[in-house]
Amino acid sequence: MPELPEVETFRRYFDRTSLHQKIKEVRLYSPEMIRGISPKKLREELRGHEFVSTGRHGKYLFAQLDSGKDLVLHFGMTGHLKYFNDPKKSPSYVRLLIQFPNDYNLAFDCLRKLGRISFANDRAKFIADKKLGPDVLADDFDFNKFLEIVSQKKGSVKSILMNQHTLAGIGNLYADEILFQSRIHPSQRINELSKAKKKRLFDAIKPVLVATIERKADWAKLPKNYLLNDRGKEGKCPLCGRTLMRETVAGRTTYYCPRHQSLKR
DNA sequence: AATATTGTTCAGCA
DNA sequence: GTGCTGAACAATAT
């Protein structure tokens, strides 16, 4: 689930639930998911402190503490957040639990343990160390910047969209949606796209992500002309009803409409 | 039982 | 250095 729109939705959820409360206790149930800090140190950094704000870069969520440092969460494929009081409402695969004095808990739940928990003294340095590209929703990520980055690339458009070192935030599913909305074939080489098509591609990125965030990443509420709900067996193009093509592009299962996304220039 | 799955990372190769 | 492929990671659902 978690690509940029989901992570942004988690970030807003974090803001609504978990800021400005003293952290009473920290429980780390899956220490193997921690990177760059020991479980003991993480507990020390959190306990007795409180979260004051959050941030996001691509698929990374930063939760800033009153110390100025950040708890950093990456959700892998199956991670999510849940704030709950009643133990009966606890999710099933809690990997990190943060307990507050009001008896509520914030759980980082992650079925497959592909999510990551880390800590950053300096958010900018963390992003630089991870070599992340610009967050695609950042205000200063404009068409000129996009062109500049993309003009040095040669791979398939889909691989470029999904590469976090190039652009941060887009994964397999939203790459497909962005390509469908811009009517570009996922295997098209980026260097073979005209400037007009690059513009069309760029112009689809933010609207798709923003529209999804506005719906709290609830796909059922997406516009009818979106492809996301039609992935899967025998999915049909929401525009022309043709059966969607399913093939592997850039190593990932890809859906596209053969009529609306042709390979020719 | 084989296959698939939204994530990243890394080795191997052209 | 670039880009692609496949595997690994982990745990489940179909």
Side-chain angles (χ1 to χ4, degrees), chain A residues 1-11 28-36 56-61 72-81 91-96 107-118 120 126-133 135-136 149-180 185-193 205 208-209 212-213 215-220 222 226-235 244 246-256:
Chain A
M1 204 199 337
E3 299 181 32
L4 188 152
E6 287 82 13
V7 178
E8 177 62 18
T9 302
F10 297 154
R11 189 189 72 74
L28 179 64
Y29 296 106
S30 298
E32 65 273 28
M33 290 172 66
I34 274 212
R35 291 294 181 277
R56 185 190 52 71
H57 189 102
K59 303 172 189 173
Y60 287 87
L61 173 61
V72 186
L73 298 179
H74 188 287
F75 295 88
M77 291 214 228
T78 57
H80 64 108
L81 295 179
S92 306
Y93 306 96
V94 179
R95 309 304 181 186
L96 174 69
F108 176 37
D109 185 85
C110 193
L111 189 159
R112 292 168 227 159
K113 301 173 182 172
L114 298 180
R116 292 293 172 254
I117 300 162
S118 44
F126 181 91
I127 292 165
D129 287 348
K130 287 277 177 191
K131 298 185 166 62
L132 296 177
D135 182 275
V136 291
I149 291 168
V150 139
S151 64
Q152 309 163 23
K153 300 289 175 185
K154 291 180 174 177
S156 66
V157 258
K158 174 139 180 177
S159 70
I160 274 89
L161 287 177
M162 288 197 306
N163 188 335
Q164 303 303 301
H165 299 310
T166 307
L167 304 171
I170 303 168
N172 190 28
L173 275 45
Y174 291 94
D176 279 1
E177 187 63 57
I178 289 163
L179 290 166
F180 177 68
H185 192 290
S187 301
Q188 184 81 52
R189 305 286 111 176
I190 190 100
N191 54 306
E192 291 173 349
L193 285 183
I205 294 176
V208 164
L209 302 177
T212 314
I213 292 166
R215 291 158 177 83
K216 297 185 178 175
D218 181 351
W219 290 4
L222 287 173
Y226 271 47
L227 188 73
L228 281 172
N229 288 310
D230 303 293
R231 311 182 114 250
K233 58 328 165 201
E234 296 295 298
L244 297 174
R246 175 191 196 274
E247 57 187 65
T248 298
V249 178
R252 310 302 300 276
T253 303
T254 301
Y255 289 88
Y256 67 95

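Bear in mind the structure is a predicted one, so any value in this text is a computation, not a measurement.
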Exercise. Hey, which of these two, A:His74 or A:Arg246, hits DNA chain B nearer its 5' end, going by closest nucleotide?
Worked result: A:Arg246
Problem set entry | Spatial distance of atom CD1 (A:Ile160) from atom CD1 (A:Ile190) [nearest 0.5 Å] | 5.0 Å
Scan nucleotides 8-14 of chain C against the protein and return all N/O pairs shorter than 3.5 Å with their distances rounded to 0.1 Å.
residue	atom	partner	partner atom	Å
C:dA11	OP1	A:Lys113	NZ	2.7
C:dA11	N3	A:Arg112	NE	3.3
C:dT12	OP1	A:Tyr93	OH	3.4

For this session: Considering non-hydrogen atoms only, spot the tightest contact between A:Lys113 and A:Ser30 and give its length.
Result: CE-OG, 3.9 Å
Problem set entry | side-chain contact (heavy atoms from CB on, under 4.5 Å), paired with A:Ile178, selected from A:Val136, A:Leu173, A:Ile170, A:Leu227 | A:Ile170
Problem set entry | Integer angstrom distance from the P of B:dA1 to that of C:dA10 | 23 Å
Problem set entry | Residue that, paired with A:Thr166, satisfies side-chain contact (heavy atoms from CB on, under 4.5 Å) out of A:Gln152, A:Lys153, A:Lys131 | A:Lys153
For this session: Whole angstrom is fine here: how far is it from CG in A:Leu73 over to C1' in B:dT8?
Result: 16 Å
Problem set entry | Partners passing side chain to side chain contact (heavy atoms under 4.5 Å, CB included) against A:Arg56 (at least two apart in sequence or in another chain) | A:Leu4, A:Val7, A:Glu8, A:Arg11, A:Asp135, A:Leu137
Exercise. What pairs with A:Asn172 under side-chain hydrogen bond (donor to acceptor under 3.5 Å, both in side chains), at least two apart in sequence or on another chain?
Worked result: A:Lys158
Exercise. Between A:Phe75 and A:Phe10, what is the ring plane arrangement, given parallel below 30°, perpendicular above 60°, and tilted in between?
Worked result: tilted
Exercise. Would a distance-only check, ignoring hydrogens and angles, find a side-chain to backbone donor-acceptor pair under 3.5 Å from A:Arg112 to A:Gly79?
Worked result: no
Exercise. How many Å lie between CD on A:Glu3 and P on B:dT8, as a whole number?
Worked result: 8 Å
For this session: Give a yes or no answer on whether the side chain of A:Gln188 reaches the backbone of A:Val157 with a donor-acceptor pair at less than 3.5 Å.
Result: no
Exercise. A:Leu173 has an atom CG; how far is it from atom P of B:dA4, in whole Å?
Worked result: 16 Å
Seminar exercise, completed: Interatomic distance, CZ@A:Phe126 vs NE2@A:His57, rounded to 0.5 Å, equals 10.5 Å
Between protein and nucleotides 12-14 of chain B, what N or O pairs are separated by less than 3.5 Å?
none

Exercise. Which part of the nucleic acid, if any, lies within contact of A:Arg35, taking any heavy atom under 4.0 Å across all strands shown: a base, the sugar-phosphate backbone alone, or nothing?
Worked result: nothing
Problem set entry | Backbone of A:Tyr174 reached by a side-chain donor or acceptor of A:Glu3 within 3.5 Å | yes
Problem set entry | Nearest non-hydrogen partners of A:Pro186 and A:Val249, listed with the distance | O-CG1, 3.9 Å
Seminar exercise, completed: Heavy-atom closest pair (A:Pro2 atom, A:Gly76 atom, distance to 0.1 Å) is CD-O, 3.7 Å
Show the distances under 3.5 angstrom between N or O atoms of the protein and N or O atoms of nucleotides 2-5 of chain C.
residue	atom	partner	partner atom	Å
C:dG3	OP1	A:Lys154	N	2.9
C:dC4	OP1	A:Ser156	N	3.0
C:dC4	OP1	A:Arg189	NH1	2.9
C:dC4	OP2	A:Ser159	OG	3.3

Problem set entry | Residues touching DNA chain B, which here means a heavy atom under 4.0 Å, drawn from residues 162-171 of chain A | A:Gln164, A:Gly171
For this session: Without swapping roles, check the side chain of A:Glu247 against the backbone of A:Tyr255 for a donor-acceptor pair under 3.5 Å.
Result: no
Problem set entry | Contact under 4.0 Å: A:Arg252 side-chain N or O vs B:dG7 OP1/OP2 | yes
For this session: Write down the distance between CG (A:Leu161) and P (B:dG7), rounded to a whole number of angstrom.
Result: 12 Å
For this session: Please work out if A:Lys130 contacts a base, only the sugar-phosphate, or nothing of the nucleic acid, heavy-atom cut-off 4.0 Å.
Result: sugar-phosphate
Exercise. Looking only at atom P, what distance separates C:dG1 and B:dC10, rounded to whole Å?
Worked result: 15 Å
